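Below you'll find the structure, written out as structure tokens, and then a few comments.
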4 protein chains.
Amino acid sequence: MLRAAIVGATGYTGVELLRILLCHSSVRVSTLTSRKHEGQPIDRVFPALRARTDLVCESLDFDRIAEKSDFIFTAVPHKTAMEVVPEFHRRGKRVVDLSADFRFRDPRLYALWYQPHACEALLEEAVYGLPEIHREAIKNAQIVGNPGCYPTGAILAMAPLLKKKLVDLSQIVIDAKSGTSGAGSDPALATLFCEVNEGLKAYKILEHRHSPEIEQELTQLASEPVRVVFVPHLIPMDRGILTTIYAKLNRTWDTESLLAMYSDFYEGEYFIRLCPQGEYPNVSDVRGSNFCDIGLKVAEDGQKLVIVCVIDNLVKGASGQAVQNMNLMCGFAENSALEGLALFP
Amino acid sequence: MLRAAIVGATGYTGVELLRILLCHSSVRVSTLTSRKHEGQPIDRVFPALRARTDLVCESLDFDRIAEKSDFIFTAVPHKTAMEVVPEFHRRGKRVVDLSADFRFRDPRLYALWYQPHACEALLEEAVYGLPEIHREAIKNAQIVGNPGCYPTGAILAMAPLLKKKLVDLSQIVIDAKSGTSGAGSDPALATLFCEVNEGLKAYKILEHRHSPEIEQELTQLASEPVRVVFVPHLIPMDRGILTTIYAKLNRTWDTESLLAMYSDFYEGEYFIRLCPQGEYPNVSDVRGSNFCDIGLKVAEDGQKLVIVCVIDNLVKGASGQAVQNMNLMCGFAENSALEGLALFP
Amino acid sequence: MLRAAIVGATGYTGVELLRILLCHSSVRVSTLTSRKHEGQPIDRVFPALRARTDLVCESLDFDRIAEKSDFIFTAVPHKTAMEVVPEFHRRGKRVVDLSADFRFRDPRLYALWYQPHACEALLEEAVYGLPEIHREAIKNAQIVGNPGCYPTGAILAMAPLLKKKLVDLSQIVIDAKSGTSGAGSDPALATLFCEVNEGLKAYKILEHRHSPEIEQELTQLASEPVRVVFVPHLIPMDRGILTTIYAKLNRTWDTESLLAMYSDFYEGEYFIRLCPQGEYPNVSDVRGSNFCDIGLKVAEDGQKLVIVCVIDNLVKGASGQAVQNMNLMCGFAENSALEGLALFP
Amino acid sequence: MLRAAIVGATGYTGVELLRILLCHSSVRVSTLTSRKHEGQPIDRVFPALRARTDLVCESLDFDRIAEKSDFIFTAVPHKTAMEVVPEFHRRGKRVVDLSADFRFRDPRLYALWYQPHACEALLEEAVYGLPEIHREAIKNAQIVGNPGCYPTGAILAMAPLLKKKLVDLSQIVIDAKSGTSGAGSDPALATLFCEVNEGLKAYKILEHRHSPEIEQELTQLASEPVRVVFVPHLIPMDRGILTTIYAKLNRTWDTESLLAMYSDFYEGEYFIRLCPQGEYPNVSDVRGSNFCDIGLKVAEDGQKLVIVCVIDNLVKGASGQAVQNMNLMCGFAENSALEGLALFP
């Protein structure tokens with residue numbers, strides 16, 4: 001049994017890690033940490049865990065955690081993560097970090113959107129944890145920077161196009177819509193029920209921190225610079241991201257051929273599911289699951305293209321993908337503990 | 001007192017007309033018709049009206065309605081509308097029709113997306129009922145084709161740009177998100193609570209019937225052919241449309257100047273409200289009201305442009321705008337019975 | 001024009017007062033105060049008010065407010081209210097207070113559930129602002145303690161029974177269900193969207209502060225001590241309270257006769273609407289309106305009784321009722337600015 | 001591998017059975033039937049199953065299904081069930097029926113609330129499938145009548161009290177609140193999104209068909225006739241039932257002792273979880289899981305009692321419990337495929 005620690009266990013991604021790992025047949029959760037809830041049984045913090053675990057939230061003691069754990073998930077805010085991860089790295093532990101701190105290859109880009117990076121050397125070593133794109137590197141990584149929720153959907157939806165250089169790089173529009181759990185569990189006016197429910201808004205228009213992350217990966221896939229127009233929206237639902245992408249194909253295609261090309265590209269990928277022609281995914285198709293479902297349509301002109309992609313932001317967009325990465329790093333079946341189907345309705 | 005009839009009173013737009021007209025100081029609702037609920041008091045169909053009206057749903061008897069009414073709202077499905085409206089027109093009544101049947105100037109375009117038109121002559125005479133664009137024509141119209149909900153938001157958000165020829169006409173993307181009341185009250189699997197709630201999907205991608213309606217008006221504003229990429233989405237909320245528009249400016253602008261241009265264009269328009277720079281509208285800002293709120297942002301390159309526009313699909317997107325048209329046609333203050341502020345939260 | 005001030009304008013009841021008063025034909029809102037938003041235009045705090053008012057949030061300066069205002073609404077938390085209200089009272093202003101501070105006749109009861117009362121003398125003078133029960137006293141009151149949201153529904157549903165001594169006073173169960181706006185707009189984990197949405201819980205079981213308020217009024221109606229079992233629940237919706245009351249009749253009745261008795265009791269009451277036999281109210285029937293709709297059913301045994309009552313917690317349960325009280329106090333029509341019908345859907 | 005058939009696979013309980021059984025390590029789903037979707041791959045009906053199964057909906061051919069299956073779940077409407085179940089019984093198959101047709105011991109009671117029963121002999125043989133109460137009988141049953149959703153919560157919450165004769169049998173009030181999936185997936189006005197969302201209502205007051213089912217079981221537990229006051233409510237959420245029960249204890253207790261008694265009564269029950277004193281369950285604690293969480297509080301008088309119980313209506317209230325019954329009947333671990341924790345948020 002792999003002994004896993006969750007550092008920062010009482011946010012929404014932390015408890016989602018627990019939900020998944022408590023059913024993982026090769027993993028035992030050995031330690032949870034939480035500054036806010038230190039000393040509290042986790043099932044008092046999250047009654048959904050009632051009677052299913054007697055884990056108690058601990059303080060962040062690197063030595064003790066390292067001793068009790070073989071593998072570390074860090075689910076703390078960015079900036080905190082780059083203080084915490086090196087401590088475990090130094091102690092020889094492999095880490096999947098769910099913050100933004102180990103997602104960027106270029107420390108200057110990170111610095112531009114976040115703050116100066118505290119351990120640039122590790123940044124170089126870290127692998128961007130999108131298994132469908134970087135599987136081999138992940139297997140051997142010591143540190144995996146688990147992708148952001150919006151980037152996961154956007155990159156998986158676009159990867160075949162960019163890899164094969166099929167679209168005009170100057171005309172990519174990404175209109176993303178996210179459930180509210182993406183905003184985390186810190187109390188704030190903007191995420192109160194009455195502010196979100198029956199509401200709908202765009203936010204951080206053209207200035208969301210996931211833009212550069214998307215561009216980094218699309219640029220690498222395309223082997224030339226890609227800039228995107230990215231606008232996120234807040235949707236009155238708990239979970240799910242639906243990403244609608246607008247692009248222009250370099251030559252004419254029809255929907256069927258393009259779907260076939262996607263199908264080839266993602267052949268054998270357990271978590272990528274393509275919708276048949278004429279069907280498009282609904283976030284409810286993946287609610288609570290690690291799947292990423294993609295549908296697309298080419299306009300009659302053969303060039304205008306609309307892609308629709310859905311994930312559960314807390315699963316494939318965060319904790320499920322983190323477990324997928326751990327599975328790869330530890331030689332478990334890639335879908336261990338991730339075979340669950342969507343909860344519908 | 002103007003005596004107004006509502007033909008098709010028991011759909012969501014019908015009851016919304018009632019909600020508004022029952023508080024209109026110059027109008028008395030004289031007649032309601034409903035095939036499904038003939039003979040039933042309307043407040044048994046819509047208990048929200050309990051004790052506030054004793055109107056009873058009647059059958060569709062043109063002579064009797066014409067005798068009892070000075071003005072007609074038709075809130076019946078398309079195809080039915082083009083059978084009903086001419087009857088009232090023939091009897092000298094002015095009509096606002098909430099279906100699609102009198103929105104198109106070109107009967108071939110209508111035929112292409114709906115079915116052959118039964119009274120092309122009237123089509124020619126009908127006025128597209130978007131007051132901010134066609135106010136003077138509406139005042140004298142005998143038949144007003146009340147705009148679709150998606151077109152209302154999209155056209156109002158784009159009108160200044162097209163009128164002033166500021167954008168590349170080949171790169172307009174309209175990503176629209178609508179509350180579920182837009183789908184009407186006919187029972188269907190797709191609009192059941194459990195199908196919509198916690199769900200999110202795109203639908204009728206590149207083939208929604210509101211596309212040609214949007215293009216007709218944008219083409220007229222631009223004085224040259226405009227084609228748009230239009231993708232609607234279904235949102236788990238009752239009311240509201242948020243339209244995110246992506247365009248490319250012909251020359252560089254900054255956000256401030258573009259907002260000032262919009263402000264000039266819409267000067268004096270009671271129902272158009274512009275958001276200050278850096279703010280964007282939320283559908284909850286207009287819930288239950290006839291306002292159309294618009295925010296926008298120009299990217300750092302000075303050319304990429306994002307516009308966000310919100311309306312309540314049942315008010316400015318349907319029944320409120322129908323009353324606004326009636327107010328204009330009858331010489332009432334344009335905002336009579338439409339001054340209510342949004343219900344928030 | 002009556003010049004009205006709203007002290008504490010930026011909570012949910014404050015903005016609801018504004019929504020109503022901005023459409024009141026005999027009232028002009030002269031002043032808003034907000035500690036948190038001092039100096040900010042109110043329409044930046046609540047964009048729903050965009051372009052419809054240029055009021056700016058002020059600090060709480062009693063003299064200045066008294067000079068600019070004829071009438072005061074205090075929508076501040078309890079404890080603060082009992083510091084603020086006496087200041088306006090001293091300056092000769094009539095006040096409707098939306099907190100709990102002036103609802104109790106017995107300062108010991110208040111002290112038991114809240115804290116010691118700071119101005120017991122005024123408590124004696126204040127009138128409990130439930131117009132259907134205390135209309136005449138309200139007309140002449142200097143201070144009105146506006147009822148709590150749960151008590152409003154519970155008392156109106158029970159008043160006829162208690163006044164006429166029809167039920168067993170030892171077996172009254174009140175199971176109340178409230179929308180989340182009742183919890184206010186202060187950021188808290190428990191009212192975050194993701195905590196409330198798709199959730200449902202009972203809270204403060206048998207220890208909610210509205211219990212003694214309900215008991216005070218029921219006791220007065222019954223002319224003997226009444227204790228109730230009161231359990232509130234939090235519902236994933238913005239607005240509305242549905243109160244289900246279980247009681248045992250002293251003698252056998254049938255539903256029809258009991259409804260007739262209710263109908264007599266509430267004859268002429270504009271805001272009380274009884275459901276016909278076999279129908280029961282839905283909170284959506286009163287959403288955004290000042291109505292209180294009541295339905296009831298007597299069991300086959302003729303004694304077990306179920307009453308269902310709905311109000312909008314922010315309107316009849318708070319700000320609408322406050323305006324109703326002001327209307328009475330100032331000699332306006334009781335339903336001025338309160339004639340709006342429910343927003344449905 | 002047990003080969004299981006689902007008859008009536010395309011309702012909400014059918015797809016929930018699939019969600020659970022597709023992850024059951026000892027079961028293979030061999031056949032699905034659906035009148036409405038015959039010939040369609042199930043993953044076109046429920047895209048959540050995309051790429052995870054190639055099962056196709058079949059017609060209801062008893063011989064073919066009996067040949068391909070060892071075990072039958074019938075998830076068809078009542079009345080249909082009593083035509084279908086005997087066919088499989090005759091062919092030697094064990095059945096869990098999710099309709100009401102095999103829940104009643106007394107055919108006259110069934111006839112009173114539903115219609116005359118078509119196979120009274122089998123009714124006698126069928127076992128009421130509430131494992132925590134009837135475990136041993138279930139193990140050997142040929143036909144299990146899977147309990148209704150409301151009865152599951154109500155009975156589990158009350159069983160200890162009745163078994164031990166602790167409450168006044170004439171004063172039991174059950175106020176139940178259910179998510180909308182309980183109403184099934186047949187299109188109907190009353191369950192459209194816009195009718196349910198932001199709405200809240202009681203329905204079938206004192207006349208819901210689950211009343212006699214609850215009373216049957218409570219009567220058996222108490223060994224004397226029990227009648228309850230039962231009022232269900234429709235809540236704007238997908239899943240979950242919260243049952244608030246009001247009762248009067250025969251002698252005085254305190255909360256702690258009563259909780260201890262419950263704890264003894266349910267000792268060893270995997271799916272029953274008691275909340276610590278002062279805590280009460282939220283439906284979100286059990287969303288998507290087979291748990292039944294119970295909290296309670298005794299009033300200061302030591303006699304008035306409030307119990308709160310939550311289940312997921314589609315899991316413990318339907319398909320999860322059906323699998324729990326199958327596990328018992330087939331000698332699998334009782335929680336096989338039912339160990340999943342709630343999806344939160």
Side-chain angles (χ1 to χ4, degrees), chain A residues 12 15-16 18-23 25 41 43-44 46-53 179-185 197-198 236-239 269-276 279-289 291 293-295 310 312-315 337 339-345, chain D residues 11-12 15-16 18-23 25 41 43-44 46-53 179-182 184-185 197-198 236-239 269-276 279-289 291 293-295 310 312-315 337 339-345:
Chain A
Y12 287 153
V15 67
E16 186 70 356
L18 260 173
R19 181 180 74 86
I20 297 168
L21 292 172
L22 287 176
C23 292
S25 56
D43 72 345
R44 297 304 278 268
F46 292 110
L49 306 175
R50 213 172 259 147
R52 288 299 309 277
T53 174
T180 306
S181 59
S185 60
N197 187 43
E198 293 295 291
M237 60 183 186
D238 284 340
R239 288 172 177 246
E269 291 295 345
Y270 183 85
F271 293 116
I272 308 290
R273 307 189 299 188
L274 295 174
C275 300
E279 292 189 18
Y280 308 100
N282 190 319
V283 293
S284 61
D285 301 341
V286 299
R287 187 190 304 154
S289 85
F291 293 104
D293 288 10
I294 300 172
V310 299
D312 182 318
N313 57 302
L314 290 181
V315 191
E339 294 179 279
L341 287 162
L343 195 69
F344 175 82
Chain D
Y12 287 153
V15 67
E16 186 71 356
L18 260 173
R19 182 180 73 87
I20 297 168
L21 292 173
L22 288 175
C23 293
S25 56
D43 72 346
R44 296 304 278 267
F46 292 111
L49 306 175
R50 214 171 257 147
R52 288 298 309 279
T53 174
T180 306
S181 59
S185 61
N197 187 44
E198 294 295 289
M237 61 183 188
D238 284 341
R239 287 171 178 246
E269 291 295 344
Y270 184 85
F271 294 115
I272 308 290
R273 306 189 300 188
L274 296 174
C275 300
E279 292 188 18
Y280 309 100
N282 190 318
V283 293
S284 61
D285 300 341
V286 299
R287 188 190 302 153
S289 85
F291 292 104
D293 288 9
I294 300 171
V310 299
D312 182 317
N313 58 301
L314 290 180
V315 190
E339 294 179 280
L341 287 162
L343 194 70
F344 175 82

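Quantities reported herein were computed from a predicted structural model and do not represent experimental measurements. In what follows, chains carry the letters A, B, and so on, assigned in the order in which the sequence lines appear, proteins first and then strands, with residues in each chain numbered from 1.
Proximity to chain A is limited to the side chain of N197(D), based on heavy atoms less than 4.5 angstrom apart. Of the two parts of V286(D), neither the backbone nor the side chain holds a non-hydrogen atom closer than 4.5 Å to a non-hydrogen atom of chain A. In this structure, chain A has heavy atoms under 4.5 Å from both the backbone and the side chain of R50(D). If you measure heavy-atom distances from Y280(D) to chain A, the contacts under 4.5 Å come from the backbone alone. Heavy atoms of L22(D) lying under 4.5 Å from chain A belong exclusively to its side chain. In this structure, the portions of L49(D) lying under 4.5 Å from any heavy atom of chain A include both its backbone and its side chain. In this structure, the portion of P276(D) lying under 4.5 Å from any heavy atom of chain A is its side chain and not its backbone.
For the atom pair CG of L341(D) and OG1 of T53(A), the computed distance is 9.0 Å after rounding to the nearest 0.5 Å.
Ring geometry, F344(D) versus Y12(A): the interplanar angle exceeds 60°, so the pair is classed perpendicular (tilted spans 30 to 60°).
Side-chain N or O atoms of R239(D) include one that pairs as donor or acceptor with a backbone N or O of P345(A) at under 3.5 Å.
Contact check for D238(A) versus R287(D): side-chain heavy atoms found under the 4.5 Å cut-off.
Between A342(D) and A48(A), the closest heavy-atom pair is CB-CB, 3.8 Å. Nearest heavy-atom pair across P47(D) and D293(A) is O-OD2, 4.4 Å.
Options R44(D), E339(D), E16(D) differ in how many heavy-atom pairs under 4.5 Å they form with chain A, and the most are formed by R44(D).
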